[in-house]
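Residues take their numbers from the sequence shown, with the count starting at 1.
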Amino acid sequence: MKLRNLLAASTAVLALAGTASAETMKIGITQNNVGVDSYQTTYEKAFIAAAAANADVEAVVLDAGGDVARQIAQVEDLIQQGVDAIIIWPTNGEAVIPAVRKAHQAGIPVIVTNSNIAEAGFDFVKSFSGPDNVTQGARSAEIMCEKFTAMGVENEAKVVHITGQPGYTTAIERAKGFEDRLPEVCPNVTVVDTQPGDWNREKSQQVMEAFLVKYDDIDGVYAGDDNMGVGALNAAKAAGREGIIFVGATNFAVGYEAMAAGDYWGSIYQSPVDDAEAALKTAIDVLGGKEVPFLNYFDTPKITQDNMGDYTKPVF
């Protein structure tokens with residue numbers, strides 16, 4: 001945490017002492033929980049690098065550590081600092097709305113990054129920059145159905161579902177996309193259980209261990225990201241349960257490696273570097289008076305063992 005704060009402070013000092021001018025944009029970002037997984041760690045590094053490379057940007061980089069109250073306090077602090085724009089990666093899509101409203105009332109444009117806030121807060125936001133998480137969940141369902149069909153088990157397969165952190169918009173949207181799309185493409189596949197893994201590999205392994213005890217017949221696992229999916233895979237390996245199809249979303253390096261080893265079938269390819277750079281660019285464009293879409297999505301394609309050679313290994 002100290003190193004992260006130091007990096008953020010250094011970025012701000014360089015911007016002020018180097019080429020800062022009357023045109024300098026002071027952009028604050030409050031992130032969800034940098035320490036929870038490698039995606040968020042890589043995102044932060046990429047954001048700091050992109051801000052430092054832009055002579056017109058002074059960045060204030062904060063991390064809520066997964067604490068809603070702390071994030072609300074950080075937004076209020078950024079308002080007091082008089083930043084020109086605020087980027088927020090919400091810890092909870094509902095709970096942060098009052099803080100986002102305060103920023104809006106103070107005349108500070110808010111850009112939501114990676115995981116959107118709840119619809120009730122849309123009036124207080126200039127743009128959302130990130131992936132279409134509902135589409136990601138739907139694509140994961142398609143990947144799983146296509147594999148089951150190739151195996152000839154599309155009329156009998158049973159699936160367990162490991163979601164992200166409860167109340168977190170990305171978790172809700174990916175779950176919705178998967179649960180809505182799966183019965184459309186594979187109506188006879190049954191989701192027998194759903195439990196949260198909180199984006200954590202160790203917890204997801206424990207969830208999967210419980211599933212394996214409870215259910216003798218599991219044909220597939222859908223996890224809201226590869227970090228959780230690999231945790232579930234580790235549980236299945238330890239239990240000697242073979243033949244389970246693992247599908248995730250947000251292809252982590254560990255997921256890519258497991259795919260290369262033939263243990264993990266597919267995921268959704270998403271870059272934290274693209275995510276961070278898109279958020280910063282969206283904030284800059286808003287401050288520059290440019291028209292930006294309210295839902296400013298970047299594409300996140302399907303990746304499986306069949307086409308993984310078309311994609312480089314993730315750096316997170």
Side-chain angles (χ1 to χ4, degrees), residues 4-5 7-13 15-16 20 23-34 40 43-52 54 56-131 168-170 272 275-298:
R4 201 152 50 239
N5 291 339
L7 283 169
S10 298
T11 302
V13 170
L16 288 169
E23 300 301 317
T24 297
M25 295 169 280
K26 188 173 183 179
I27 299 173
I29 181 171
T30 170
Q31 300 160 100
N32 170 41
N33 191 356
V34 172
Q40 296 192 53
Y43 177 106
E44 182 184 68
K45 290 177 181 177
F47 186 91
I48 290 172
N54 190 321
D56 296 326
V57 172
E58 174 191 346
V60 181
V61 181
L62 305 173
D63 173 32
D67 186 327
V68 174
R70 184 177 182 184
Q71 185 162 65
I72 290 170
Q74 288 178 344
V75 172
E76 291 172 348
D77 181 57
L78 290 170
I79 294 170
Q80 291 299 315
Q81 288 188 47
V83 298
D84 297 301
I86 293 173
I87 300 171
I88 182 170
W89 184 332
T91 53
N92 182 293
E94 290 275 0
V96 300
I97 291 175
V100 171
R101 183 192 296 114
K102 285 184 181 180
H104 173 75
Q105 291 171 341
I108 300 172
V110 176
I111 290 81
V112 181
T113 182
N114 185 272
S115 180
N116 214 340
I117 65 171
E119 189 174 349
F122 283 3
D123 288 345
F124 314 122
V125 171
K126 283 291 186 181
S127 182
F128 166 76
S129 171
Y168 187 66
T169 306
T170 295
D275 203 355
E277 292 177 350
L280 182 63
K281 183 179 185 300
T282 300
I284 292 170
D285 286 348
V286 167
L287 290 174
K290 295 183 180 179
E291 290 291 329
V292 298
F294 178 71
L295 296 174
N296 197 15
Y297 295 135
F298 59 87

Identify every side-chain donor-acceptor pair in residues 282-290 under 3.5 Å, counting partners at least two apart or on other chains, and give the distances.
residue: Thr282; atom: OG1; partner: Ala278; partner atom: O; Å: 2.7
residue: Thr282; atom: OG1; partner: Asn296; partner atom: ND2; Å: 3.1
residue: Asp285; atom: OD2; partner: Lys281; partner atom: NZ; Å: 2.8

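Other residues, nucleotides and ligands contribute more than 12 heavy atoms inside 6.0 Å of the NZ atom of Lys26. Heavy atoms of other residues, nucleotides or ligands lying less than 6.0 angstrom from CD of Gln105 number more than 12. Other residues, nucleotides and ligands place no more than 12 heavy atoms under 6.0 Å from the CD atom of Glu119.
Looking only at side-chain heavy atoms (C-beta outward), Val75 and Val100 stay at 4.5 Å or farther from each other. Contact annotation: the side chain of Asn116 approaches that of Phe122 to within less than 4.5 Å [non-hydrogen atoms, C-beta and beyond]. Here the side chains of Ile72 and Pro98 are not in contact, with every heavy-atom distance at 4.5 Å or above. Counting only heavy atoms from C-beta outward, the side chains of Ile88 and Gln71 approach each other to under 4.5 Å. Taking 4.5 Å as the limit, some side-chain heavy atom of Pro131 sits within range of a side-chain heavy atom of Phe298.
Residues Gln31 and Gln40 have side chains that never bring a donor and an acceptor to within less than 3.5 angstrom of each other. In the model, Glu58 has no side-chain atom that pairs as donor or acceptor with a side-chain atom of Thr24 under 3.5 Å.
The CG atom of Asn114 lies 8.0 Å from the CG atom of Asn32; values are rounded to the nearest 0.5 Å.
Note on ring orientation: taking the six-membered ring where Trp is involved, the planes of Tyr43 and Trp89 are perpendicular (angle over 60°, cut-offs 30° and 60°).
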